[in-house]
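Report on the following structure.
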Amino acid sequence: MSGDPTRIAVNGAAGRMGQTVIETATDRENVEVVVGIDVADAETVDGVPVADPDDAVDAFAEYEPDALIDFTVPDATLGIVDACVEHGVAVVVGTTGFNEDQLSYLRRTSEFVPVLKATNFSRGIQVLLRTVSEAVGALDGYDLELMETHHNQKIDAPSGTAKTILETVQEERDVDPVYGREGHAPREDDEIGVLVRRAGDIRGEHELVLAGNDEVFSLSHRAEDRGVFAAGALDAAAWVAGRNPDWYTFGAVIDES
Ligand code: NAD
């Protein structure tokens, strides 16, 4: 790898994903985490200094990151992007659970700095999304059911990844989501059941079942370690830093690497 490493700031540095990003970066030569941001009372994570979000502008001036990786909550993401614009820092968003207004704000941010957002930074899920399009398009009329399972601390439901799978299905077929079923609830042809489980420390499991024509076809993915998301986010940060302001996807990173 040639050239200087991409200098990275991590928003949510003390969280599950933030800590994993910092740990994963230590094994890499093309990236260097120079500063963390978090509301948690942590002065350092793995030797990386951590600043309060109120001090983000000063921290960016001092540590000069090229890109920010964000794994927090939507309000915290929106709370830091103005500082990124002020300092020309590319934004890599892994946080999930944004509403439409919040997404619009992020889209506007991409007019000033590059913004790359992915609900899932694993390479396997990106391939699964492409396979979903092909399978749903080819298996017309098959019943569709989507399931996801995550750890018991996850806030948003269904997961951002499940929503992305749902959107991918809906690009191919006009189906309405039915979130769980209870009581007298027979299945309709134009629906997709969406089922959510929360238990233990499960990193993330997603499955799309297509059933019809006396056969059952299932597409599933299981993340075995948070490192897979951290690795993808670091790849994305190294890829997007220094690009023109625009809205980028993780699929583009995979296509070009
Ligand atoms: P977490 O609760 O462990 O960590 C979140 C961190 O954000 C905490 O340390 C918290 O103190 C910090 N935080 C809260 N408010 C803040 C603020 N205003 N400024 C700065 N920091 C603030 O959560 P997690 O498991 O690390 O997940 C974080 C997000 O990432 C969730 O939305 C989750 O769904 C998402 N996620 C995405 C992917 C992906 O591949 N895109 C993978 C895993 C998790």
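Whatever order the structure lists them in is the order used to number ligands and atoms, beginning at 1. Because the structure is a prediction, the values reported are computed rather than measured. Below, each value reflects all heavy atoms present in this structure, side chains not excepted, and no hydrogens, waters or symmetry copies.
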>> Evaluate Phe121 for polar contact with ligand 1, using N/O atom pairs at a separation under 3.5 Å.
In response: yes

>> Starting from atom 2 (O) of ligand 1, what is the nearest protein heavy atom, named by residue and atom, and what distance separates them?
In response: Arg16 NH2, 3.6 Å

> Can you tell me if Gln170 uses its side chain to pair, donor with acceptor, with the backbone of Val175 under 3.5 Å?
Replying inline: yes

> Nearest protein heavy atom to atom 38 (C) of ligand 1, by residue and atom, and its distance?
Replying inline: Phe71 CE2, 3.5 Å

> Between Ala118 and ligand 1, which part of the residue brings a heavy atom under 4.0 Å of the ligand: side chain, backbone, both or neither?
Replying inline: backbone

>> Is any side-chain heavy atom of Gln19 closer than 4.5 Å to one of Arg226?
In response: no

> So which bit of Phe229 gets within less than 4.0 Å of ligand 1, heavy atoms only: side chain, backbone, both or neither?
Replying inline: side chain

>> If we set the cut-off at 4.0 Å for heavy atoms, which region of Ala76 has an atom near ligand 1: side chain, backbone, both, or neither?
In response: both

> Does Gln153 come within less than 4.0 Å of ligand 1, judged by its heavy atoms?
Replying inline: no

>> Quick check on contacts: which atoms of ligand 1 are under 4.0 angstrom from a heavy atom of Thr119?
In response: 39 (C), 40 (O), 41 (N)

> Residues sharing Val127's hydrophobic cluster, by side-chain heavy-atom contacts under 4.5 Å among ILVMFWY, directly or via others?
Replying inline: none

>> Using a 4.0 Å heavy-atom cut-off, which part of Ile80 comes near ligand 1: side chain, backbone, both, or neither?
In response: neither

> Hey, does Thr96 come in under 3.5 Å of ligand 1, counting only N/O atoms on both sides?
Replying inline: yes

> If you group Ile, Leu, Val, Met, Phe, Trp and Tyr whenever their side-chain heavy atoms sit less than 4.5 Å apart, what else falls in with Trp247?
Replying inline: Ile37, Phe60, Leu68, Leu78, Ile80, Val81, Val85, Val89, Val91, Val93, Phe98, Leu103, Tyr105, Leu106, Phe112, Val113, Val115

> Any side-chain heavy atom of His150 sitting closer than 4.5 Å to one from His206?
Replying inline: yes

>> Within the 4.5 Å heavy-atom criterion, are Asp52 and Asp54 side-chain neighbours or not?
In response: yes

> If we only count heavy atoms from C-beta on, is the Arg187 to Asp143 side-chain gap below 4.5 Å?
Replying inline: yes

> Should Thr164 and Asn120 be marked as a side chain to side chain contact (heavy atoms under 4.5 Å, CB included) after you check the CA-CA gap, both sets of side-chain angles, and the distance that decides it?
Replying inline: CA-CA 9 Å; Thr164 303; Asn120 195 305; over 6 Å; no

> Given side chains that start at C-beta, do those of Glu86 and Val57 come closer than 4.5 Å, heavy atoms only?
Replying inline: yes

> Does Asn152 CG have over 12 foreign heavy atoms under 6.0 Å away?
Replying inline: yes

> Please state which protein non-hydrogen atom is closest to atom 15 (N) of ligand 1 and give its distance, to 0.1 Å?
Replying inline: Val39 CG2, 3.6 Å

>> Heavy atoms only, cut-off 4.0 Å: how does Arg226 contact ligand 1, side chain, backbone, both, or neither?
In response: neither

> Side chains of Arg173 and Leu144: closer than 4.5 Å at any heavy-atom pair?
Replying inline: yes

> Which of the atoms in ligand 1, numbered in the order shown and given with their element, are less than 4.0 Å from a heavy-atom of Met17?
Replying inline: 26 (O), 43 (C), 44 (C)

>> So if I count the atoms of ligand 1 from 1 in the order they appear, which ones are less than 4.0 Å from some heavy atom of Thr95?
In response: 30 (O), 32 (O)

>> As an exercise, identify every atom of ligand 1 less than 4.0 angstrom from a heavy atom of Gly15.
In response: 3 (O), 4 (O), 6 (C), 8 (C), 9 (O)

>> Distance under 4.0 Å to a non-hydrogen atom of Pro53: what atoms of ligand 1 satisfy this?
In response: 19 (N), 20 (C)

> Which ligand 1 atoms, with their elements, are less than 4.0 angstrom from a heavy-atom of Gly94?
Replying inline: 30 (O), 35 (C), 36 (N), 37 (C), 38 (C), 39 (C), 41 (N)

> What about His151: any of its N or O atoms under 3.5 Å from an N or O on ligand 1?
Replying inline: no

> Side chains of Thr77 and Asp70: donor-acceptor distance under 3.5 Å anywhere?
Replying inline: yes

> Any idea which protein heavy atom is nearest atom 20 (C) of ligand 1, and the distance to it?
Replying inline: Asn11 OD1, 3.3 Å

>> Tell me whether Ala14 reaches ligand 1 (any heavy atom closer than 4.0 angstrom to a ligand atom).
In response: yes

>> Could you work out, for atom 31 (C) of ligand 1, the closest of Val73, Asp156, Ile155, Thr72 by heavy-atom distance?
In response: Thr72

> What is the nearest protein non-hydrogen atom to atom 11 (O) of ligand 1, stated with its residue, atom name and distance?
Replying inline: Asp38 OD1, 2.6 Å

>> Quick check for you: to the nearest 0.5 Å, what is the distance between Leu195 atom CG and Glu148 atom CD?
In response: 9.5 Å

